[in-house]
Amino acid sequence: MEPVVSVRDLHKSYGTFSAVTGVSFDIGPGETFALLGPNGAGKSTAIEILEGYRDRTSGDVRVLGQDPARGGLAWKARLGIVLQSSAESGSATVREELSRFAAFYPSPRDVDELIAAVGLEEKAGTLIRKLSGGQRRRVDVALGIVGRPELVFLDEPTTGFDPEARRRFWELLRSLQAEGTSILLTTHYLDEAAQLAHRVGVIAGGRMIDIGGVNEIGGAASRVPVVRWREDGVLREERTTAPATFVARLVAASDGLEPDDVEIVRPSLEDVYLGLVASAAPTSAPEGVLA
Amino acid sequence: MTAAPLAPAAPRPTALPRGRTLRLGLLSAAYEVRTYFRQPDTVFFTFLFPVLFLTIFSVAFSEGDFGRDADGSVISAAQYYLSAMVAAGVLLSGLQNLAVVIAMERSDGTLKRLAGSPLPIASYFLGKLGQVLVTALLQSALLLVVAAFVFGVRLPGDAGHWFTFAWVFLLGVTSSAVLGIGLSALPRSGKTATAVIIPIVLVLQFISGVYLVFSQLPEWLQNVASIFPSSGSRRACGTSSCPSRTPRSRRAGSGTSAASRWSSGSGWSSASCWPV
């Protein structure tokens, strides 16, 4: 099947600063792809090019079969966009704002159903400016999916959510996934990416430094379990594919005595990610003008 | 508490229905009017301000000389300032309100969000224009009521004057709104919007005779002012409520209606400017 999003050798530069350098990736139908990377890595620039907000310097980009730089209203009606920052237009109630946006789309979701899905039933009649930051963010998410989009862009959607709201948001996203919605997600919560994404791409310094399945990126070596323990007051660690055997050997070496603070850790996506970004740092300095 | 599951996706139509630009424009206008009246500062500075000033000036300058109308009767302060404040209201509701609001919407991300939605840009502007029309109309009605019932200003009884008032009002509001949309590009951020826009609007009002008696301004200033819609609206509103009441409009032509004055080409200041 044709990918929903196809990006080939995308470049974006501002004068001599290169914000995005040769990024390529695809998102398949119904797939959730998480774009990870430190602040200023070029994630939002890349996403805004896909959303049609920014021009690209070079490269080939297709979103729902269209070049986003030429996307019309019918194309926009198939997209859902949750921007990184909330709009402050707060003089409408939650229901009014959602009803207004619902009218823009040819086959919108039921507004009350959507309000329930983002957990704002009790705030439906409240002016948006009187909501808390996390509640406003939920309005943003609702506005992004009110048009029943085929593809949703979620740029750090859960910033400001309390843990319960984040869990609820994950459920909402799973329900979108179940409908076959394709999702491009950026987030700083690596557990969120691990929970929701099928594949992840890691961007640093404008380059895609790794891309693959949630359980694949960073390579097998980065997922080797770590054994940590304390020996003579010093914290030690050892990476081994046979952690239990290793611990057994430790115990044997200390004549059957329990080692201090022993733990076996399987690197999380966050550990893998931090390792990737740290190893990319020396080469990811801003570059000169691109060809 | 768990999230309610979403209903399964419905089949997706490929083309957008026809006529949605106008339909969404009207929906936007209703939305804009509703949210406009929920912002107390905006309502005060663009909606109630002229009413407040009509009251203050009519009382403060009740002894002042505002000339005589065509019948030779003395024009009262309330009579003079009614037309001035209707024109000021058109300027505040259209120019000031839109310039400030759009500048704020640009900087707070509202426009960006709308730009990412399938709302036609024409519908957005139709919504703004509709909001200005509705609020300016309510504002004028309020001014007329206050002037008639509180200050005893006699309103015209014939349809001709009201017709003139209606189309001048419509053109005034439209051109003022269009200028407001243009001027909204000036402030660099939403925070500075009022600081940038209000002085411009205030200067326009002063040189257009909204606060000062226009006929007492030097002629060159009158000519400068005539380029802008505020002056035209004020004079035309005056024309429709009390024809030929200033020396200038007597000189300008037949003095019976604003339309005849413009069509007779009573000088570059009236004929070659924006359509008000």
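In the text below, chain A, chain B and the rest are named by the order of the sequence lines, each starting its count at 1.
- For Gln139(B), the side-chain hydrogen bond (donor to acceptor under 3.5 Å, both in side chains) partners are Ser93(B), not counting sequence neighbours.
- For Arg148(A) and Tyr105(A), the positive end is not near the middle of the six-membered ring at less than 6.0 Å and at most 45° from its axis.
- Per-residue counts of heavy-atom pairs under 4.5 Å with chain B were compared for Gly52(A), Gly71(A), Ser99(A), Ala77(A); the largest is that of Ala77(A).
- For chain A, the nearby part of Leu27(B) is the side chain; its heavy atoms alone come within less than 4.5 Å.
- Judged by the 6.0 Å and 45° rule, Arg199(A) forms no cation-pi pair with Phe33(A).
- Contact of Leu83(A) with chain B is made through the side chain alone, with heavy-atom distances under 4.5 Å.
- At a 4.5 Å heavy-atom cutoff, the contact between Phe101(A) and chain B is made by side-chain atoms alone.
- A salt bridge links Glu48(A) and Lys112(B); the closest N-O separation between the charged side-chain nitrogens and carboxylate oxygens is under 4.0 Å.
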